[in-house]
Number of protein chains: 2
Amino acid sequence: MRRDIFQAIADPTRRAIIALIALQAMTPNAIADNFNTTRQAISKHLRILTECELIKQEHQGREIYYSLEVDKMKEIDKWLEQFRAIWETRFNQLDELLLNMKTQSKK
Amino acid sequence: MRRDIFQAIADPTRRAIIALIALQAMTPNAIADNFNTTRQAISKHLRILTECELIKQEHQGREIYYSLEVDKMKEIDKWLEQFRAIWETRFNQLDELLLNMKTQSKK
DNA sequence: TATATGCGCAACTATTCGGTTTCGCAAATT
DNA sequence: AATTTGCGAAACCGAATAGTTGCGCATATA
């Protein structure tokens, strides 16, 4: 069973859940109120998010509050890091500029 | 058919392809050499990545060079933006500190 | 103690996904 | 002109996914 953050955030419902509980911890029922599916479906998403540690539980009586595990979100940021260097270089557009000059001189 | 960047980067092979062609444009065969699958499987991944515009083609004779569409990668970064504010706040750990003080005073 | 509520889990289903094999086409090479 | 090479598209298959319904177990409430 594949279970990593990238697969977890692939589902739009799960991204919405993440955005929801990022602001405040919420119970499954409260979360499910925001969607057109059953509580059980949301429960399944919460399980997946919990398994890859993107969110964490906090039991309070019979209620369970889910909240965002911010540190895990940083891992996505860490993956992007390697490309950030590229798009910052391209922003200078030095290589593209040189390429264009080369191409145009041939015409 | 669901086709968005998040679903595209969910697959580890596709993330590897992205990392590969980020450095230089490559043909499908050259890309496939780096994996234990068939060229056709890679071709399918390339189609998905192309469809959501994460990569672009450049025809050169009978060869097709694939390269990264850097701007599209920024969209992932843009999504993370909303959470960056949170983890920068949490870095101060002000709220957590206050919560701990409150909890411990009850004991 | 009986009932209602909040929740996760298991079983089932339709759909999607990643992979393979087979094919056809166009560009190179002979 | 015949053959090889690079490629995408289609058909097919097993596994995973997102959803449903039904269940059982705690914790509250009457």
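A, B, ... follow the sequence lines: proteins, then strands. Residue 1 opens every chain.
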So CG of B:Leu68 and CG of B:Leu20: to nearest 0.5 Å the spacing works out to 11.0 Å

In whole angstroms, the gap separating C1' of D:dA18 from CD1 of A:Ile17 amounts to 12 Å

B:Thr27 has its side chain closest, among D:dA18, D:dC7, D:dT17, to D:dC7

Quiz item: Within less than 4.0 Å of OP1 or OP2 of D:dT20, is there a side-chain N or O belonging to A:Thr38?
Solution: yes

Going by atom type alone, with no hydrogens or angles, which donor-acceptor pairs under 3.5 Å involve a side-chain atom of residues 39-46 of chain A and a protein atom two or more places apart or on another chain?
from, atom 1, to, atom 2, distance (Å)
A:His45, ND1, A:Arg14, NH1, 3.0

B:Ile55 CD1 to D:dC7 P, in whole Å, measures 13 Å

**Message:** Check for me, please, whether A:Tyr66 and A:Val70 land in the same ILVMFWY cluster - side-chain distances under 4.5 Å, paths through other members count.
**Reply:** yes

In terms of heavy-atom contacts, B:Ala10 and B:Arg15 come closest through O-NH1, 3.2 Å

In whole angstroms, the gap separating C1' of D:dT5 from CD1 of B:Ile64 amounts to 13 Å

A correct 5'-to-3' footprint of nucleotides 22-30 of chain C, with B, S and - meaning base, sugar-phosphate only and no protein heavy atom under 4.0 Å, is B----BS--

Q) Is a donor-acceptor pair below 3.5 Å formed from side chain A:Lys44 to base C:dG8, judging by atom type as modelled? A) no

Among D:dA18, D:dG8, D:dA9, the one nearest any side-chain atom of A:Asp11 is D:dA18

To the nearest angstrom, the NE2-P distance between B:His45 and D:dG8 comes to 13 Å

note: B:Glu58, atom CD; D:dC7, atom C1'; distance rounded to Å ~ 16 Å

Here the distance between atom C1' of C:dC17 and atom CZ of B:Phe6, to the nearest Å, is 20 Å

Rounded to whole Å, CD1 of A:Ile42 lies from C1' of D:dT20 at a distance of 13 Å

note: B:Leu49, atom CG; C:dG18, atom P; distance rounded to Å ~ 10 Å

Of C:dG8, D:dC7, C:dG18, the nucleotide closest to the side chain of A:Ser43 is C:dG8

field: Phosphate OP1/OP2 of C:dC7 contacted by A:His59 side-chain N/O (<4.0 Å)
entry: no

Original post:
Is any side-chain N of the basic residue among A:Arg84 and A:Glu81 closer than 4.0 Å to the acidic one's carboxylate O?
Top reply: yes

Assess whether a salt bridge exists between B:Lys72 and B:Glu75, defined as any Lys/Arg side-chain N lying under 4.0 Å from an Asp/Glu carboxylate O. yes

What residues 28-37 of chain A contributes to the DNA chain D interface at heavy-atom separation below 4.0 Å is A:Thr37

Taken to the nearest 0.5 Å, the spacing of B:Ile17 CD1 from B:Ile31 CD1 works out to 6.0 Å

- Query: Any luck finding a side-chain donor-acceptor pair between B:Gln57 and B:Tyr65 under 3.5 Å?
  - Reply: no

- Hey, is the main chain of B:Met73 close enough, under 3.5 Å, to the side chain of B:Asp77 for a donor-acceptor pair? no

